[in-house]
Amino acid sequence: MTNGKEFLAEYPCHSATERRWFEVIARPFDILGQRLALVAHRNVTSRKLAQVEANYAEQNAQNLAAIVTTMPDAVISFDLEGRITNWNAAATVLYGYERDEVIGQSMEILYPPNWPTRVKTYISEIITSELKYFDAVRQTKSGGLRTIAITAAPIRSEVGEIVGISNVHRDVTHKRKAEQKLRSVLDNLFAFVGILELDGTLVEANRAPLEAAGLEAKDVIGKKFWDCFWWNFSPDARQKLRDDCTRARNGDIVRYDTQIQVVGGHLVWIDFQLAPLRNADGQIINLVPSGIDISDRVKMVEALELSHDTFKNLVARSPFGIYTVDADFRLSHVSDGAQPVFANVRPLIGHDFETALKIIWPADFAAEAVALFRHTLATGEPYHSPSTTERRQDKGEVESYDWMIERIVMPDGRFGVVCNFYDLSEREKYEQHVRLLMSEVNHRSKNLLAVVLSMARQTARSSTSEEFVDHFSQRLLGLSASQNLIVEGGWGGVSAKELARSQLNHLGEEMRTKRVRIEGPEIIVSPPAAEGIGMALHELSTNALKYGSLSGPAGSVEITWGIDECANTFQIQWTEKGGPPVSNPERIGFGRTVIEKMAANSVGGSVEVRYASTGLVWVLTAPLQGIEMAKEA
């Protein structure tokens, strides 16, 4: 500042935790002939940081542009309309188009004729991150077709808005053909070949094992090898395979004969091998399982074992009871289904059959059965009893059976007797239950028809011919709603809350949800009570809609009920509020008869109706036993 001019300089002033820059300004001035200078320091850190960031961004952009330009893969950008905005040199080499030929053109210039997916569909899926990596067939300028591996990502503006799409295209035509050729070879091998990650995850499997097990690739790819269908028949086989993967991961080659599961749960023997796969540096990068079907080698043994196991499972798991008596008249085999019959005979196998029957059945029936078994054993003549009902000696319960005995050859070569039987006891109980239900349906149908007839007569008396159909139909629908609940509940009673709701369906959704309150404890109402209370609630709701609180815009209804445990009574109350003034009606119609008399008679209770100035109040009080469904019912 020696020359009298202003001095300006920038200098850093960093601390241990913060980077800062300042600007110093010195300006000369005179006071009373004395030469002085004004020095000011200004913090310019934010400006400096912005400048550094801008320089960094510009350098990055230049670097990125240089990378895109020199990349061996084609880099193509396009806007949200699919118009190409960027095209690097590798794209020209790949497709044969110069940059000036494609800028502004649709990406579909590269699509083969009749390509099914439009560019805007791709854009939509890329924006939603549903599509990032995919293969597609694309057409060059000369008309050649190439299989292209595409990596896609959205392009964002400085404010984060998506303004375009960036694609990286790599020609994988030859690679995919080679992969397909290898896949064809593997798929046509009648052997199992797969590839595992080092953690045991299956990433490749040829066609043969998939078809043998009735699987698709998606059923197994990505799963741990030991969790796949082939092995899940046996926990031991799965654990062994886990251990084998550990050995192969450590460099061992594991080989042995084992079984895998195929379609229908059948087991097939294979010569199985698990070997490590190494790269050029000798590092183990994958595990390769393989297997060859050796079923023919063990066919005879497998057939015998399968036959034995199948017969054993059929006998043991049969819903029929099966047991055998040997030539010495001893129990020699008892299936799972027959075990309950002999529950009180111990020891079971080897027990004298005649003694066992005398433990289970009365003496006369036991003697008769023993004679039949001995006759079949001696003569070979079978015996069949389609229905035998007896009271058991050991349990005192009545049981019914369909049973048949035949002579067979036992494993020791001598004759024995096999008994096949089916327990009819549950079926007898079911048929008895059906008969009871049919009787109940008949009884209730008669009652229901009587109610309908009475309802028709009473409606006709209080309605004109024009009104009859409408009034009768509405009442019939209300009665039908109660009946539906009764039938759906198997005649076992109706929930009080569901009963109340069913009679309000004709009011409309908004009115039911906003202007009607239903509240009370959970109680199962008997069918007769459901009919009477249901008809009363239907009449009350109809009257409220026509003349009462629901006829205006602001009225409401409360339906509440409760149980007095001390008095052993049930009470349900209908309360209207906010409607027009009400008064005691002069005429007694069918609706009033239903509300006051029929409802009370159906439950052996009483009804109180109050025509209060605030709205109609209806209260039904009845003994609890006249309302609640009996627990044993």
Side-chain angles (χ1 to χ4, degrees), residues 179 182-278 284-320 322 335-337 339:
E179 290 174 351
L182 177 60
R183 168 60 64 179
S184 296
V185 171
L186 292 178
D187 283 345
N188 285 286
L189 284 175
F190 192 68
F192 178 95
V193 180
I195 298 177
L196 308 181
E197 299 285 6
L198 294 181
D199 64 356
T201 301
L202 183 65
V203 294
E204 284 290 346
N206 66 326
R207 187 171 58 199
L210 297 176
E211 291 181 347
L215 302 172
E216 297 181 15
K218 63 181 178 63
D219 298 326
V220 293
I221 299 302
K223 284 187 176 182
K224 292 294 188 286
F225 192 36
W226 47 82
D227 288 334
C228 293
F229 174 81
W230 303 294
W231 313 97
N232 64 18
F233 67 94
S234 168
D236 292 340
R238 295 172 62 189
Q239 184 57 50
K240 179 170 176 53
L241 193 56
R242 293 173 69 113
D243 297 339
D244 294 338
C245 286
T246 300
R247 291 178 57 192
R249 192 165 56 242
N250 292 331
D252 293 342
I253 296 177
V254 182
R255 183 176 179 180
Y256 53 91
D257 293 349
T258 187
Q259 287 179 296
I260 61 170
Q261 186 173 222
V262 295
V263 170
H266 300 295
L267 301 180
V268 175
W269 281 96
I270 62 169
D271 178 355
F272 178 70
Q273 178 175 288
L274 187 63
L277 177 65
R278 302 176 185 271
I284 298 175
I285 56 173
N286 288 103
L287 307 179
V288 179
S290 61
I292 300 174
D293 187 353
I294 56 170
S295 300
D296 290 342
R297 196 175 76 190
V298 292
K299 185 175 181 180
M300 294 302 297
V301 175
E302 183 184 44
L304 289 173
E305 291 180 351
L306 182 61
S307 176
H308 177 268
D309 290 345
T310 300
F311 176 75
K312 183 178 179 180
N313 289 335
L314 285 174
V315 172
R317 299 177 183 177
S318 170
F320 296 89
I322 302 174
S335 71
D336 292 348
Q339 289 285 346

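Because the structure is a prediction, the values reported are computed rather than measured.
The two residues I221 and A205 have their closest heavy-atom pair at CD1-N, 4.1 Å. Residue Q259 comes nearest to L267 through the heavy atom pair NE2-CB, 3.6 Å, listed as atom of the first residue, atom of the second, then distance. Taking every heavy atom of both residues into account, I260 and I270 meet most closely at CG2-CD1, 3.7 Å. The shortest non-hydrogen separation linking L287 to I284 is CD2-CG2, 4.4 Å. Of all non-hydrogen atoms in G251 and R278, the two that sit nearest each other are CA-NH2, 3.8 Å. Between V263 and E211, the shortest heavy-atom distance links the atoms CG2-O, 4.1 Å.
For the side chain to side chain contact (heavy atoms under 4.5 Å, CB included) with V268, the qualifying choice from D293, T258, I294 is D293, the only one to do so. Among I292, V254, I253, the single residue meeting the side chain to side chain contact (heavy atoms under 4.5 Å, CB included) criterion with Q273 is I253.
Side-chain contact between E216 and L210 is absent, with no heavy-atom pair separated by less than 4.5 Å. Counting heavy atoms from C-beta outward, K223 and L202 have side chains that stay 4.5 Å or more apart.
Under 3.5 Å, the side chains of D199 and T201 contain a donor-acceptor pair of N or O atoms.
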Next item on the list: Quick one: do Y256 and D271 satisfy side chain to side chain donor-acceptor pair (under 3.5 Å)? Show the steps, please.
Entry: CA-CA 6 Å; Y256 53 91; D271 178 355; over 6 Å; no
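Aromatic pair F272/W231: centroids less than 6.0 angstrom apart.
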